[in-house]
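Structure first, then comments.
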Amino acid sequence: METSLPKPTIQVNELRKVYVVSQQEGESSSGLSGILRRKKTEVAAVDGISFSVSSGEIVGFLGPNGAGKTTTLKMLSGLLFPTSGTVSVLGKIPWRRESEYLRQITLIMGQRNQLVWDIPAIRSFELNRAIYQIPQADYGSLVRELTDLLDLGPLLNKPVRNLSLGERMKCEFAAALLHRPRVVFLDEPTIGLDVTMQHRLRDFVAEYNRRYGATVLLTSHYMADVEALCKRVLVIHHGKLLFDGDLVALVQKFTSYKTIVIQTAGCGADLSAYGDVTSCESGRYTLRVPKAQTAVVTARLLAELQVIDLLVEDPPIEEVIERVFAQEIA
Ligand SMILES: Nc1ncnc2c1ncn2[C@@H]1O[C@H](COP(=O)(O)OP(=O)(O)OP(=O)(O)O)[C@@H](O)[C@H]1O
């Protein structure tokens, strides 16, 4: 008997979004002629991307500024119509904005806030309770659970404008997840936060995913977020998908060298025969070595020098991603 595979939670096919932008043609002496002589140009912000995400996956969506990430997330959450292509999330077409759909998803944007500025966060939560028709019987326990997970106790009754950025983001997360969405779109959720708060929210996303099996699509310029949360990444550049696969495979595919860090007594020696020396501080040399030669060079370093400690690492993920954007495939 043939068994059919479960349908992906998110299915995107040949998705495109073209913005039409009007631009002033050349220099003009009068403002009026500038208005009259406007040229329309098209920007393909998302240019035919296809991917699918299974239930419960946390997928990182990476790309440089202007790559098309936010535009994609807006289409997936129903805020924008696409120019062409199809999307199905939880079996629904997002831009139809059916309430049954909107009740199962959320979009959290680090640079936008949904909490009302002048009133305490708990009042905004109550507003969301009404909007999402959360039964009164469940509401109390949902608020308590999120309050415990995010340590919101002392924050909920202060006007939002008096909260720090990190405190506000924790309340934003709680407000956006009160209706317990099955699909969570996160657009730069930790932007501008200090390292401790980034860590806190990262742990919270992992816990939310574990507890409720939520599917998460995350954009972040902080690679620590991506490394901690996402086994799989999608890389987008100029609206096109450059890579879809495991983060480990991405590192393997786009790196041609390893970094060897050795601790020696001092920095005086010339180690250029072993590889490119990128730095030395207090006897701690960092060398770049072609991937294929790592084992040989490591053995030589240990045999020929007085090495106190040695570490072999992949290049930092930020560097790998830059290579992907530059399409420098090793
Ligand atoms: N409303 C709009 N009208 C015209 N062009 C737009 C509009 N929104 C975005 N764009 C353009 O579409 C492209 C993709 O933008 P988008 O915001 O999706 O990128 P992004 O990957 O989210 O970037 P960032 O990391 O900077 O947030 C950019 O060239 C941007 O200038």
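FYI, the numbering just counts along the sequence from 1. Please read these numbers as outputs of a predicted model, since none were measured by experiment. Start at 1 and go down the list; that is how both ligands and their atoms are numbered. Side chains included, hydrogens not; waters and symmetry mates left out as well; all remaining heavy atoms used.
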Do [X] and [Y] sit within salt-bridge range, that is, some charged N less than 4.0 Å from a carboxylate O?
X: Arg210; Y: Glu207; result: yes
X: Arg232; Y: Glu57; result: yes
X: Arg129; Y: Glu126; result: no
X: Arg288; Y: Glu319; result: yes
X: Asp314; Y: Lys258; result: yes
X: Asp187; Y: Lys69; result: no

* To do: Between Val21 and ligand 1, find which residue part has any heavy-atom pair under 4.0 Å and reply side chain, backbone, both or neither.
  => side chain
* Protein non-hydrogen atom below 4.0 angstrom of atom 30 (C) of ligand 1 present -> no
* Under 4.0 Å from atom 22 (O) of ligand 1, do we find at least one protein heavy atom? -> yes
* Please lay out, stage by stage, how Val12 and Thr86 fare under the test side-chain contact (heavy atoms from CB on, under 4.5 Å). => CA-CA 6 Å; Val12 175; Thr86 61; over 6 Å; no
* Say whether Lys69, considering both its backbone and side-chain N or O atoms, lies within less than 3.5 Å of an N or O atom on ligand 1. => yes
* Does any N or O atom in Gly66 lie less than 3.5 angstrom from one in ligand 1, N or O only? -> yes
* Exercise: do Tyr274 and Glu304 side chains pair donor with acceptor under 3.5 Å -> yes
* **Which of the ligand 1 atoms, numbered from 1, are nearer than 4.0 Å to a heavy atom of His221** => 25 (O)
* To do: Check step by step if side-chain contact (heavy atoms from CB on, under 4.5 Å) holds for Phe173 and Leu150.
  => CA-CA 9 Å; Phe173 264 78; Leu150 285 162; 4.2 Å; yes
Protein heavy atom at shortest distance from [atom]:
atom: atom 1 (N) of ligand 1; result: Tyr19 CE2, 3.7 Å
atom: atom 19 (O) of ligand 1; result: Gly68 N, 3.2 Å
atom: atom 17 (O) of ligand 1; result: Thr70 CB, 3.7 Å
atom: atom 15 (O) of ligand 1; result: Thr71 OG1, 3.9 Å
atom: atom 26 (O) of ligand 1; result: Asn65 ND2, 2.8 Å
atom: atom 12 (O) of ligand 1; result: Ala45 CB, 3.3 Å

* Asked: Any heavy atom of Gly239 sitting closer than 4.0 Å to ligand 1?
  -> no
* To do: Using non-hydrogen atoms of the residue, decide whether Lys17 is closer than 4.0 angstrom to ligand 1.
  => no
